[in-house]
Colleague: 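For reference, the structure I am asking about is given below.
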Amino acid sequence: MRYLALATDYDGTLAHHGAVDAATLEALRRVRASGRKLLLVTGRQMEDLAQVFPEVDIFDRVVAENGALIDVPGKSQTRLLAPPPAAPFVAALKKRGVEPLAVGQVVVATVQPNETVALEVIREMGLELQVIFNKGSVMILPSSVNKATGLQAALDELQLSAHNVVGVGDAENDHAFLRVCECGVAVANALDALKAGADYVTEGRASDGVRELADLLVREDLRALDAKLARHRIALGYVGDELVSISPYGPTLLIAGPSGKGKSTMVRGILERLAKQRYQFCVVDPEGDYDQLGIAVTLGSAERAPSVDEAVMLLRDPKESVVINLVGLRVQERPGFFQALLPRIQELRAATGRPHWVVIDEAHHMRPESSGPVELTLPETLASTILITVHPDRLATSVLDRVDGVIAIGSPTEVLRPFGQTTDGELSSGEAIVWFRKDGHPRRMRTLPGQIEQRRHPRNYAAGDLGPNAFYYRGPDGRLNPK
């Protein structure tokens, strides 16, 4: 399942004239029944919301006051994400006759054209505040606060990634919030500027549009919208002037060719682009080729074997990608480790949608020695996978049948033969042959290597300091550290 959560604005989106109708509530219940989380992302204050929407408990989290606080409905748990408004600022607005004026736990709200006076007071008092518009409403908040930051904080609490969220809204203050979601949706009555930047615009207005989106979500996990999500595609290289890219969700890619011809360079480039877009990945690295990647935690070394529990524990943090170095395991032990790891990754993906990508280096070795030369078990649900190998002919036919695309480096004829494809000519440095089943023919591609120089990563947990039951805090340098 790609989308684990639905995040929705309230006024003008979920609610019509401030109220949510029975049909829309039933659509939300269907989303919850499908195993997904619900998040309400609104500019309203919690006290006001509770009065107009008594069914707010249907949501797992409420991001209120335009991102300034998080509430856990039904549990009286509210967390402020910014300091309360300064009393002298509020007093100055009142003195200047700003009406109406609502003061929340963080937000100060009024209506247009009072933003002119508010900006004058902010400038005169030297405050670091911003003015955010919501159609006719005006919200004054600390400069670092918006719906996107509030949503991210709520997702952190739920251990979810924004890449597994679809968001829907209608107004100016929804721009940042929709951009951070994997799929940003505008209802039909949304402002034109919001619709122009959205991945999808519903046919229905307000709550009708939310029900439309909920039905697509439950029925097909928004598969019909995948082609519209071009902003997330992962670049592979160029065929002529055409950029070749893949969807960030779903495909199985085989990268194959002789040793020393650039497979690792190609893969590091892909991983760098995944990391830049904040997709989480897990690399199974039997030979230690990726322990100096620089954009992921490395677990294991020649002196210490990794454990499955440690790997899964690190992957529970959406911000952490992991390289599992198997050099510390004997060759005959590595397939067993891999077979123990895969079900745990499946469980994690079912619960969180992550890791978004699994990379299996030396894939032809990931099999029990007694099982014959072509065994590699990949479950049907293990999508978004990169298989790397010198010997594609040693992979099971059932695995090769699951491959959506092939990048052949060094010896394209040998790589493409198991797929019934051929190609002519020699490859120069930085070139590969790319073939996708949907295209039907191989093409010569200029590859895109990574731009980050390979280096020793400071977050290498080879010394055994991270036990499977440890707790962590993130230090000033961004490292995870055991408490």
Colleague: For Thr42 and Arg44, test the side chains for any donor-to-acceptor distance below 3.5 angstrom and give the result as yes or no.
Modeller: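 Result is no, nothing qualifies.
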Colleague: Evaluate the side-chain contact (heavy atoms from CB on, under 4.5 Å) criterion for residues Val323 and Val297: first the C-alpha distance (whole Å), next the side-chain angles of each, then the deciding distance (0.1 Å), finally the verdict.
Modeller: CA-CA 6 Å; Val323 172; Val297 174; over 6 Å; no
Colleague: Would you find more than 12 non-hydrogen atoms of other residues, nucleotides or ligands less than 6.0 Å from His232 atom NE2?
Modeller: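 Above 12, so yes.
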Colleague: Return a table of donor-acceptor pairs under 3.5 angstrom between the side chains of residues 87-96 and protein atoms on other chains or two or more places apart.
Modeller:
residue, atom, partner, partner atom, Å
Arg96, NH2, Glu124, OE1, 2.3
Arg96, NH2, Glu124, OE2, 3.3

Colleague: Using 4.0 Å as the upper bound for N to carboxylate O, is an ion pair formed by Arg36 and Asp60?
Modeller: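 Salt bridge: no.
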Colleague: Is the shortest heavy-atom distance from the side chain of Tyr279 to the side chain of Leu271 under 4.5 Å?
Modeller: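 With C-beta onward as the side chain, the pair stays apart.
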Colleague: For Arg219, I'd like to know if atom CZ has over 12 heavy atoms of other residues, nucleotides or ligands within 6.0 Å.
Modeller: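 Above 12, so yes.
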Colleague: Just to verify, what does Phe177 make a ring pair (Phe, Tyr, Trp, His ring centres under 6.0 Å) with, not counting sequence neighbours?
Modeller: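 Per chain and number, Phe177 pairs via ring pair (Phe, Tyr, Trp, His ring centres under 6.0 Å) with no residue.
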Colleague: Could you please spell out the steps behind the side chain to side chain donor-acceptor pair (under 3.5 Å) verdict for Gln152 and Thr149?
Modeller: CA-CA 5 Å; Gln152 187 58 65; Thr149 60; over 6 Å; no
Colleague: Measure the spacing between CG of Leu194 and CG of Asp170 and express it to the nearest 0.5 Å.
Modeller: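 Answer for the CG-CG pair, Leu194 versus Asp170, is 7.5 Å.
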Colleague: Is the number of heavy atoms from other residues, nucleotides or ligands within 6.0 Å of CD (Glu128) greater than 12?
Modeller: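 Atom CD in Glu128 is not packed in, count stays at 12 or less.
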Colleague: Would you please say whether a donor-acceptor pair under 3.5 Å links the side chains of Asn325 and Ser301?
Modeller: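 No.
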Colleague: Could you check whether Glu26 pairs with Arg29 (Lys NZ or Arg NE/NH1/NH2 to Asp/Glu carboxylate O, under 4.0 Å)?
Modeller: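 Between Arg29 and Glu26 there is a salt bridge, with a charged N closer than 4.0 Å to a carboxylate O.
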Colleague: With a 6.0 Å cut-off (strictly less than), is the heavy-atom count around NZ of Lys228, excluding the residue itself, greater than 12?
Modeller: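 No, NZ of Lys228 has 12 or fewer neighbouring heavy atoms, counting only those of other groups under 6.0 Å.
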Colleague: Please determine whether a side-chain nitrogen of the Lys or Arg among Arg344 and Asp309 lies less than 4.0 Å from a carboxylate oxygen of the Asp or Glu.
Modeller: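 Asp309 and Arg344: salt-bridged.
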Colleague: Under a 3.5 Å cutoff, is there a donor and acceptor pairing between the side chains of Arg354 and Ser161?
Modeller: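 No, no side-chain donor-acceptor contact under 3.5 Å.
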Colleague: Let me check something: any side-chain donor-acceptor pairs from residues 102-113 under 3.5 Å, sequence neighbours excluded? List them with distances.
Modeller:
residue, atom, partner, partner atom, Å
Thr110, OG1, Pro100, O, 2.7
Thr110, OG1, Asn114, ND2, 2.8

Colleague: Calculate, to the nearest 0.5 Å, the distance between atoms CD and CE belonging to Gln51 and Met46 respectively.
Modeller: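 These two atoms lie 11.5 Å from each other.
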Colleague: Please walk me through it: do His356 and Gln280 pass side chain to side chain donor-acceptor pair (under 3.5 Å)?
Modeller: CA-CA 5 Å; His356 299 114; Gln280 185 187 54; 5.4 Å; no
Colleague: Report the C-alpha separation of Leu39 and Thr8 in whole Å, then their side-chain angles, then the decisive distance to 0.1 Å, and conclude whether the side-chain contact (heavy atoms from CB on, under 4.5 Å) test is met.
Modeller: CA-CA 6 Å; Leu39 297 99; Thr8 176; over 6 Å; no
